[in-house]
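Structure incoming, see below.
Atoms considered below: every heavy atom in the structure, side chains included; atoms not considered: hydrogens, waters and symmetry mates. Letters A, B, ... are given to chains in the order of the sequence lines, protein chains preceding strands, and every chain is numbered from 1. Treat the numbers as computed from the prediction; the structure is a model and nothing was measured.
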Amino acid sequence: MSNQEGYPFEQIETKWQKFWEEKGIFNLTSAKKKPKYYCLEMFPYPSGRIHMGHVRNYVIGDVIARFKRMFGYEVLHPMGWDAFGLPAENAALEKGIHPAKWTGQNIEYMKSQLKKLGLSYDWTREIATCSPDYYKWNQWLFLKFYENGLVYKKQAEVNWCEKCQTVLANEQVEAGLCWRCSTVVKSKKLDQWFFKITAYADRLLEEQKLLKDWPERVLSMQINWIGKSFGTEIDFRVADTDEIIKVFTTRADTIFGATYVVLAPQYPLLEKLIKGTQQENKIKEFIERYTVRQDLEDIEKIEKEGIFTGKYAINPVNNEKIPMWIANYVLMEYGTGAIMAVPAHDQRDFEFAAKYGLPKRLVIQSPLEELSAQTMTYAFEDEGFLVNSEQFDNTPSKEAIEAISLWMEKEKMGRRTVNYRLKDWLVSRQRYWGTPIPIIYCPDCGKVPVPEQDLPIELPENVDIQKGQTLADVPEFVNTTCPQCGHQAKRETDTMDTFVDSSWYFSRYISPKQENSPVDIEETKYWLPVDQYIGGIEHAILHLLYARFFTKVMADLGLLSVKEPFLNLLTQGMVIKDGAKMSKSKGNVVDPDEIIAKYGADTVRLFILFASPPEKDLEWSDQGVEGSWRFLNRVYRIVQQYAKEGKIRGSGFGIRDLELVGDDKRLHAATHKTIKRVTEDIETEFHFNTAIASIMELVNEIYKYQFRANDNSSIFVLKEALEAVVLLLSPMAPHLCEELWEACFVEALGKTPTTEQASIFDQPWLKYNPEAIKEEEAVIVIQVNGKVRGKITVAVDVVDEEIKNLALAEIKDKIKDKQVKKIISVPKKLVNIVVVPLQV
RNA sequence: GCCGAAGUGGCGAAAUUGGCAGACGCACUGGACUCAAAAUCCAGCGGAUCUUGCAUCCAUGUGGGUUCGACUCCCACCUUCGGCACCA
């Protein structure tokens, strides 16, 4: 479609983007004269091009930033690049382009795309995490964590992605697949670096209460992920040895029903236990088979397999000797890697016991039906009361959990414990394009941290990715000397997980060039926490959990003074087309560049904001875009029309004490109602869709309004209405509104368009006049038995009794054969007349 | 299985201390303008019924309940989406 019929968006948008940039309108000088507002959107990975998801994210943030600025805040609104990561290496592999070059080109292009959207960033604060100025501080922080015992290296079974050729954190494994390439993740035993996030598990839970305005589902996802459960650890001694097997259970009430013990195949003590026994080889074979992570298709369907160890354990509560088994249904990574099996009251144990002919013993009796171990066909997992449990018989099972735990603590058989699903954060990556881990391995001194003054450890450039090289293949990088003893030593060649980069970047924007510290402590005291954070739900656990963890650690190290980084979180919905998420494979991608070229950025922005509230998914509609384009043209035309006639120069606001009647009064009221609605819709819930709808209504009113060129009242209400439209719409459609503002209203301020103050974004946000929207009359709905039967219009000062009478009179025909039982009256809204058939 | 969110016209959606369901927009239909089209402007637009009236009835996933009155509150259920999941 050609734009010859519409307003000249291209010229207007170029003009104002240039104006904003040249005048540095959005560059924060931090005069600290106004209350601060830190508005932040999740920075993008520079993958090559901006997609619609980014556009939605950044447009929402931009409207908030512009709105808050006009509302009177000093707004910090920065942007940067999450620039380390695997796609750069894949590009190097495929195209032979160096990751640094590829990343740099992408940043350059994407930045131009963001500028074309008219986003109000302070580009003087731009950061790219692949710059040594930035990742130096990743290294510095790593060393601080190390000093404080929050980083450690250990041998562990870790998640390995064959395709990405690297390990992954638990958070990066989604349903058994790599989060990036969906390859089935394998288990591998490696010596790796971990951040001790588990030390903060409780605070990550507890301090959720500070997150006043986070979506419930994000909070619950994090709670879920951390997976705190209260239970009891019970010591089972291995018969005829001094070895203790600790089992974790949340059902201590069933301890008397334990008929066997099960160990995970990876249980460390196993080797020792089975050594020299008859079945040693068979057991070893079994362990071998199940130590590798199984492909997780449908866990329910995986057959439970096990093998008897030949050993017995002693149940501490009754000294019973029960067999010890190894089985694939017990996981080493949860609890202690060992369980007590209670087949009568746990379905998994029940199935396993049935398969291998192990006994079951009923210890919880159902209050509803008489159960017996012989006849039950599935485990009874509900609450009941205890049986076969010695002194605890007849205790309700819920109470028994605590009673038995306390008793065991007293008898030194076990203890109450807390268990978490959360694991420490594995941060090593066997990749090139990331932050080098600042550790040196010295044959004499062991692991030696790189001294602070030697930072940054820069990434060497001469790595041939196409030949599969990594840092380990660069001798100049690897070979070094020990900072402690000066002998030959080798550098760590793993790099850090890129989620380290994004765990603290929001603090760096505040003082991006700070040289002796990652953050300027004084400045962060002022600017943190982020007042509004906006991003996709896909980071509900990953980035948002890590960033919360980092903030807490940095606060503990005295680097930050807040416990939580993001006070309010808005997770915007996906952009979908034809019912599915936009993706290349589905062929339903809409390219932002094309749409901007066709309609301009303002139309794209308006459509995205209008189509649905930000937290919901947005269905892309070409016709909907067309509609937004039409609306902006409608605005442009009506303002231009009056501007050309010279009727509305200057501001309409501020003129008071005009007695308005009829249409003038109506338009005046409509203007102020719109100001109220738009302000409230944006302020409380960021519901731009309804805000735009009410501006549309006002525009419709203006079109209907009969203007009288020689009448002061008419000039006043029209000016005021048009000015309100331009100002209220400006955060959403900034270019067009700047243009119309300049064309019509700037003059009133005694400014010329060339002075810096002439930007519409230096205008204060409009305030509505309560007098203007005061209703003098109210439409009262008359209901009979809750059904609408009529309407009357009355002055607001008419008393209740009078309204009831008017209502009765209005509908007396309709109720003449009925008896009035009761009349309910809601002031200014309705009268409900309750009637029953006349009694004969 | 557990946890969470959501179900409203042909479509995107509005409406919450319980008070006219469907604002606004899209699509569609009709009219004006035009030689014609596009653009624009105006009007109509949940369903059914008849007695075409500012008429009556039905309608916010389903079934109950509370209430003068329920999209909104309570109970049960269904469906969809998301998260977690042999978690002991």
Side-chain angles (χ1 to χ4, degrees), chain A residues 1-2 4-6 174-176 215-225 227 229 231-232 247-251 254 262 264 294 296 298-304 327-331 333-342 345-349 351-352 381 419-421 537-538 540-541 574 606-607 610-613 615-628 630-631 633-634 637 677 687 689-700 703-704 779-791 821-835:
Chain A
M1 90 119 50
S2 83
Q4 61 192 15
E5 311 283 355
E174 293 169 350
E216 195 51 48
R217 65 170 170 158
V218 175
L219 295 175
S220 84
M221 278 161 80
Q222 293 204 355
I223 290 172
N224 237 317
W225 187 259
S229 62
T232 312
V247 308
F248 175 78
T249 181
T250 53
R251 291 294 304 272
T254 64
V262 191
Q294 291 164 53
L296 310 147
D298 197 345
I299 276 157
E300 305 284 298
K301 288 190 191 123
I302 293 175
E303 186 70 17
K304 291 178 177 49
N328 63 340
Y329 77 98
V330 173
L331 309 173
E333 16 347 329
Y334 186 78
T336 58
I339 63 158
M340 62 177 199
V342 187
H345 305 289
D346 183 290
Q347 188 58 26
R348 294 156 301 179
D349 298 341
E351 287 165 20
F352 190 79
E381 296 180 333
N419 197 35
Y420 299 93
R421 216 188 65 95
I537 188 76
E538 66 273 18
I541 294 170
M574 290 186 304
L606 193 76
F607 167 70
F610 181 60
S612 87
E615 67 278 5
K616 281 182 72 169
D617 284 351
L618 182 151
E619 173 78 33
W620 186 267
S621 154
D622 290 332
Q623 284 162 334
V625 177
E626 202 62 58
S628 295
R630 257 199 301 267
F631 172 68
N633 274 294
R634 233 166 116 73
R637 255 183 277 121
R677 275 201 64 187
H687 280 180
N689 56 332
T690 50
I692 292 167
S694 46
I695 299 173
M696 285 174 168
E697 284 181 77
L698 181 57
V699 171
N700 291 344
Y703 266 84
K704 281 185 198 143
V779 177
I780 308 285
V781 170
I782 305 166
Q783 295 182 337
V784 177
N785 288 352
K787 293 194 170 150
V788 181
R789 283 293 177 271
K791 280 172 201 181
K821 272 204 91 171
K822 193 171 168 188
I823 300 178
I824 290 124
S825 167
V826 181
K828 293 184 196 172
K829 287 226 169 108
L830 63 76
V831 174
N832 189 12
I833 299 164
V834 184
V835 298

Q) NA contact type, A:Lys616, heavy-atom cut-off 4.0 Å: base, sugar-phosphate, or nothing? A)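 Sugar-phosphate contact only.
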Q. Hey, does A:Asp617 reach any base, or is it just sugar-phosphate, or nothing, if we go heavy atoms under 4.0 Å?
A.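 A:Asp617: backbone/sugar contact only, no base atoms under 4.0 Å.
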Q) Base, sugar-phosphate alone, or nothing: which one does A:Gln347 contact when heavy atoms must sit under 4.0 Å apart? A)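 Nothing, no nucleic acid heavy atom in range.
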Q: Name the nucleic acid region contacted by A:Asp346, choosing base, sugar-phosphate or nothing; use a 4.0 angstrom heavy-atom cut-off, strictly under.
A: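 Contact class for A:Asp346: none.
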(Q) Given a 3.5 Å cut-off on both pairing distances, which stems involving RNA chain B, each at least three consecutive Watson-Crick or G-U pairs, are present, if any? (A)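 Result, WC/G-U stems under 3.5 Å: B:1-7 with B:78-84, B:10-12 with B:24-26, B:28-32 with B:40-44, B:46-49 with B:55-58, B:61-65 with B:73-77.
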**Q.** Separation between the P atoms of B:A14 and B:A23, rounded to whole Å
**A.**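 Straight-line distance between the two P atoms is 13 Å.
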Q.
Using whole Å, what does the distance between atom C1' of nucleotide B:G83 and atom CD1 of A:Ile541 come to?
A.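 Those two atoms, CD1 and C1', are 7 Å apart.
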Q.
Please classify the nucleic acid contact of A:Val330 as base, sugar-phosphate, or nothing, using heavy-atom distances under 4.0 Å.
A.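 It contacts base atoms.
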Q. What nucleotide among B:C84, B:A23, B:U56 has an atom nearest to a side-chain atom of A:Asn224?
A.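 From the listed options, B:C84 comes nearest.
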(Q) Among residues at least two apart in sequence or on other chains, which ones pass salt bridge (Lys or Arg N to Asp or Glu O under 4.0 Å) with A:Arg634? (A)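 Scan of A:Arg634 (salt bridge (Lys or Arg N to Asp or Glu O under 4.0 Å), adjacent residues dropped) gives none.
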Q) What one-letter contact string describes nucleotides 37-45 of chain B from 5' to 3', where B marks a base within less than 4.0 Å of any protein heavy atom, S marks contact via sugar-phosphate atoms alone, and - marks no contact? A) ---SS----
Q: Starting from P on B:C81, measure out to CD1 on A:Ile537 and report it in whole angstrom.
A: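 Taking atom P of B:C81 as the reference, CD1 of A:Ile537 is at 17 Å.
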Q: Please measure how far the C1' atom in B:U60 lies from the corresponding atom in B:U72, and state the result in whole Å.
A: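 About 10 Å, rounded to a whole number of Å.
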Q) A:Pro613 near the nucleic acid: base, sugar-phosphate alone, or nothing, with a heavy-atom cut-off under 4.0 Å? A)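 It contacts sugar-phosphate atoms only.
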Q. What is the nucleic acid contact for A:Ser621, judged by heavy atoms within less than 4.0 Å: base, sugar-phosphate only, or nothing?
A.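 Here A:Ser621 touches no strand at all.
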